[in-house]
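In this text, all values refer to a predicted model and were calculated from it rather than measured experimentally. Below, chain A is the first sequence line, B the second, and so on; all start at residue 1.
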Amino acid sequence: MSRFGEVDDQYDPDELEQRVFEYWDDVDAYEQTVEHRSDGESFFFVDGPPYTSGSAHMGTTWNKSLKDVYLRYLRMQGYDVTDRPGYDMHGLPIETRVEERLGFENKKDIEEFGEENFIQECKDYANEQLEGLQSDFQDFGVWMDWDNPYKTLEPEYMEAAWWGFSNAADRGLVEQGHRSISQCPRCETAIANNEVEYEDVEDPSIYVKFDLAEREGSIVIWTTTPWTIPANTFVAVDEDGDYVGVRAEKDGEEELLYLADAKHEEVLKEGRYDDYEIVEELSGEELIGWSYEHPLAEEVPDHVDGEGVFEIYAADYVDTHGDGTGLVHSAPGHGEVDFERGRELGFPIFCPVGGDGVYTEEAGKYEGQFVKDADDEIMADLEDNGALLASGTVHHSYGHCWRCDTGILQIVTDQWFITITDIKDDLLENIEDSEWHPEWARDSRFRDFVEEAPDWNVSRQRYWGIPLPVWTPEDRDDDEDMIVIGTREELADRVDQDVDPEAVDLHKDTVDDLTITEDGTTYTRVPDVFDVWLDSSVASWGTLDYPSDDSRFDELWPADLILEAHDQTRGWFWSQLGMGTAALGESPYTEVLMHGHALMPDGRAMSKSKDILIDPHEAIDRHGRDVMRLFLLSNNPQGEDMRFDWDGMQTMENHLRTLWNVFRFPLPYMRLDGFDPQQTSLDEVDDALEPLDEWVLARLQSTKAEMTAHFEDFRQDKAVDALLEFVVEDVSRFYVQAVRERMWEEDDSASKQAAYATIYRVLRESVALLAPYAPFISEEIYGTLTGEDGFDTVHMEDWPDVDEHWVDEQLEEDVSLLRAIEEAGANARQQAGRKLRWPVPRVVVAADDERVVEAVERHTGLLEERLNAREIELVSPEDRWGELQYSAEADMSELGPAFGDRAGQVMNALNEARIDEPSLEALEDAVADVLEDDEELEESMVSFVTQTPDDIAGTAFGTDGDDRGVAYVDASLTADIESEGYAREVIRRVQEMRKDLDLDVEERIALDLEIDDDRVADLVAERTDLINEEVRADERRAVEDGHRKEWDVDGVTMEIALEALAAAEASE
RNA sequence: GGGCCAAUAGCUCAAUUAGGUUGAGCGCCACUCUGAUAAGGUGGAGGCUCUCGGUUCAAAUCCGAGUUGGCCCA
């Protein structure tokens, strides 16, 4: 880009961004930026790999934008940043998509299709999906190492998982065992608890009577899963609960039923009993040891058998006041808590259900039926056996497979675990080694989760995943004598077959057939693959390709920063901690930034499947990448959700447009004057700087300081607020407006050069500060400002440091006071009906404190200019200006303690009081009715407020909500003021007409002016020179063919005509 | 059902650390200004600070119980 080259009149995000993309490509901007920092201190960032399904949604976009802003910031701070992106490419979600694509219904279809083929399809699909994400992220302007992402399906990465797992095994933390797990009967695999999605469904709700074996009567249980009754092993009660025996009558027959006291009424109603009577009151403890008969003993002849089964036991999962009857049907072969209690009690674990949800032979007459389909038959059989007390249905939430939406079943199967419960203390200790933003996420949430985390079931009975690197002796499949392989090298060394460690693809189809023979024993591989959460859990070393590449691990590990949404507390934040601790004994990260989710504008969660979403591509189409990023990044990243908001997007676009206009305003002048920022640096023009130049430079310093502090605090949102406030409020609305006339001067001047140097510095540093947020517009502005003198890209710039030379707190405070006075003056003008165009003879500033006096004294000229006042009159705090009345404003922190519950009443009286003297005595008189005899007002309780006289308009001014004084505008008219006022009215209208004709700023004109009112005409004539100069009129004469318009100026008719002189000459 | 977080103007959010007359930006309405400006300025409308209780002279703020939303867990 050439320095001060022509730029677009209008900020056009789309064109600009395309231009910048091409430019980045031309100059290898990313590569240069990385290279530029290659000698810097290392910063190890680890990207949480998004799952490769579909395209980027708003949440992912927010996440990657946040990562981008911090990585760019860190680079500008000099760090050599690891920025390898990652993709999570294995797992059930992809398998089910591929199954859908191929029209498969279950595992048999896959087996027929062939494992190898199926794995290839999954690989292709995952790679395909990755492309969409890659191009989206790049399109959002995110700078990461896109040529070299880590992919969980690559051998180097899979090896990293093997290595981690084998490390855990070496530390004795890998174990195979029987557990109650959530099984998806369609996918025929265990799924993790956090993969279970709960949905409202209608299920059977039955009350079943279990006949007591050694005494009269039956106990009543309740269940929504009749299909688990065949596996019943015991019944649980609450030891401390209250139970009753009820003699109930229905259709003339009497029964003795036992159940919880709190539930008996409800249950008997369900059973439609005619009448009943409580005949016994017992504690749960008294029920313990009672034995009963299995209600389906005949239908399931091979039902569980063993010492102590079919008896009542205490269990802490029983509640006599909740759902059910206070007596809980317990089947250790199914439910998780049942399983735990069953094991404590030493019972055999009976589960007559296969991984496909079909009853096995052990289920007797139900063999071969899908369990849910058998519900009806089981209920019918219970009815026939006289065991069904009542049956109905219930709406409740029930777990479903996250991928295929099939209802899950709790069954007991053999699975492989990392026994993280053995290292709970280490885990809790390692939590302390990481700092979280926000802190409560770690201390209130993450720690709770870790404390209660069960062993990690890492095995899945599927195909598309990292195979478990576990080989077991041929004749057994448990964890005795297992061999766990840690690397490809080790695999090649130990297996019986020939394997090339460089070339081997570690997927299931290639390792399934490998065997190991050692000491005369042949080992075969456990056929399972890893839970996909294990894949990403090793990302902190997988990112570095460790262990196959060990060149960086020692220096970089653990990660300096990870940054994800709050759902990862139970996801990646946890899985990494678990794996890091199990494999290496340490937390794999030291800093966590946790953001929230992107919500719909109305606060609902976004959902792709329900088509409730804002597509980032639409946001880009409407406003551009910089705007979208700015919007996202202006939200608090610390744990809180963000509502998407189109108005907010528009506001950001407006801000960028303002920046664009600020940037392009001085360019024509700088070009015209041949301004060279290298020669005319700030140092060169130091002496010529005017107070406002020094002020805007001071503001720049405090903006930098503020931004850096916010960044260090992981509050990029506050940082960008500060920057935009500076650019929009201070630079655009104040500085540029004030400095305009200096730039218009036709002659060169030191003052003009000073203004150029100032705005040049301000713009150049501002775009550096903006660059991490809005990399495109920053790049274009930077390029135009620097030409050949800067880096090839703004992103190679250092983060701007505070330059002590320009820090000037006094000046900042002065100007904030002047601006407050100016604002009040504008208000007062409006009240007086006097436009800013018309001068006023004087403005009286009544200062409340010395600080205001100082500010006004130091900058009287500036204030006159800004207020368009001929004179500024200053009234010191100790003096007072005549003709004023006063009222009082109460300080509640003083009134409260002094007046107690009457403070409010006193406050109101003070507000309403009107007095001539601002004295406590006068005030006390005025509010005498609310004061009691012994009460007095104190100086500290009130501050006096002036009340404006009628002829003069006054408005209070203040800073940060504190009153600092009053600005009174004297709006009286004199002939001289009217003369200038009307002249300015003429000037403005001529300017507008010049604009109508699209005349160049320099273009000379001939002007024809006729004013109906003689008095006004004379007044305007007094300012002929001023008018001619301002509108660049060289001739005053009749204009025949020019642009002609009639204006009404406050009731005075003016006819104005003009033509361009060059055009007039050409036509003659 | 449990844990955590949030709830303040039509919208997005401050103010909560340390209790003291609730603020900004955007949007809306009116007026106004404009040779960098899809801008700017002034004013206005708009708030039982989610509800109910408690502590206190005084609560958006502290405490308790709810309601709604989000995340996580069951």
Does NZ or CZ of A:Arg622 fall inside the cone over A:Trp646's six-membered ring, less than 6.0 Å from its centre and within 45° of the axis? yes
If you measure only the distance, is there a donor-acceptor pair under 3.5 Å linking the side chains of A:Gln410 and A:His334? no
Whether A:Phe573 and A:Trp436 hold their rings parallel, tilted or perpendicular, with breakpoints at 30° and 60°: perpendicular
In the 5'-to-3' direction, what one-character label does each nucleotide of nucleotides 22-27 of chain B receive under the scheme B = base within less than 4.0 Å of a protein heavy atom, S = sugar-phosphate only, - = no such atom? ----S-
Which of these nucleotides, B:G3, B:C73, B:A38, is closest to any side-chain atom of A:Phe449? B:C73
Could you give the distance separating B:G53 and B:G70 at their P atoms, to the nearest angstrom? 28 Å
How does protein contact run along nucleotides 60-69 of chain B, one letter per nucleotide 5' to 3', with B for base contact, S for sugar-phosphate only, - for none, heavy atoms under 4.0 Å? ---------S
Under 3.5 Å donor-acceptor pair, A:Arg570 side-chain atoms to B:C72 base atoms: no
Nearest listed nucleotide, side chain of A:Asn635, among B:C13, B:G70, B:G3: B:C13
With distance as the sole test, does A:Asp645 use its side chain to make a donor-acceptor pair with the main-chain N or O of A:Gly648 at under 3.5 Å? yes
Looking at A:Phe675, is its backbone amide N or carbonyl O close enough to the side chain of A:Asp673 to form a donor-acceptor pair, meaning the two atoms are under 3.5 Å apart? no
In terms of side-chain heavy atoms, does A:Asp717 have a donor or acceptor partner in A:Ser634 at a distance below 3.5 Å? no
Could you tell me whether A:Arg819 sits above the aromatic face of A:Phe734, with NZ or CZ closer than 6.0 angstrom to the six-membered ring centre and within 45 degrees of the axis? yes
Start at the 5' end of RNA chain B and walk down; is the nucleotide closest to A:Val990 or to A:Ala826 reached first? A:Val990
Give me the ring orientation class for A:Phe446 and A:Trp574: parallel if the planes are under 30° apart, tilted from 30 to 60°, perpendicular past 60°. perpendicular
Can you tell me if the side-chain N/O atoms of A:Lys835 get under 4.0 Å from OP1 or OP2 in B:U32? no
Return the stems involving RNA chain B, sorted by first number, where pairs are Watson-Crick (N1-N3 with N6-O4 or O6-N4) or G-U wobble (N1-O2 and O6-N3), both under 3.5 Å, and runs are 3 or more long. B:1-7 with B:67-73, B:10-13 with B:23-26, B:28-32 with B:40-44, B:50-54 with B:62-66
Distance check, P atoms only: B:U61 and B:U16, in whole angstrom units. 13 Å
If you look at every strand shown and take non-hydrogen atoms under 4.0 Å, does A:Ser634 touch a base, only sugar-phosphate, or nothing? nothing
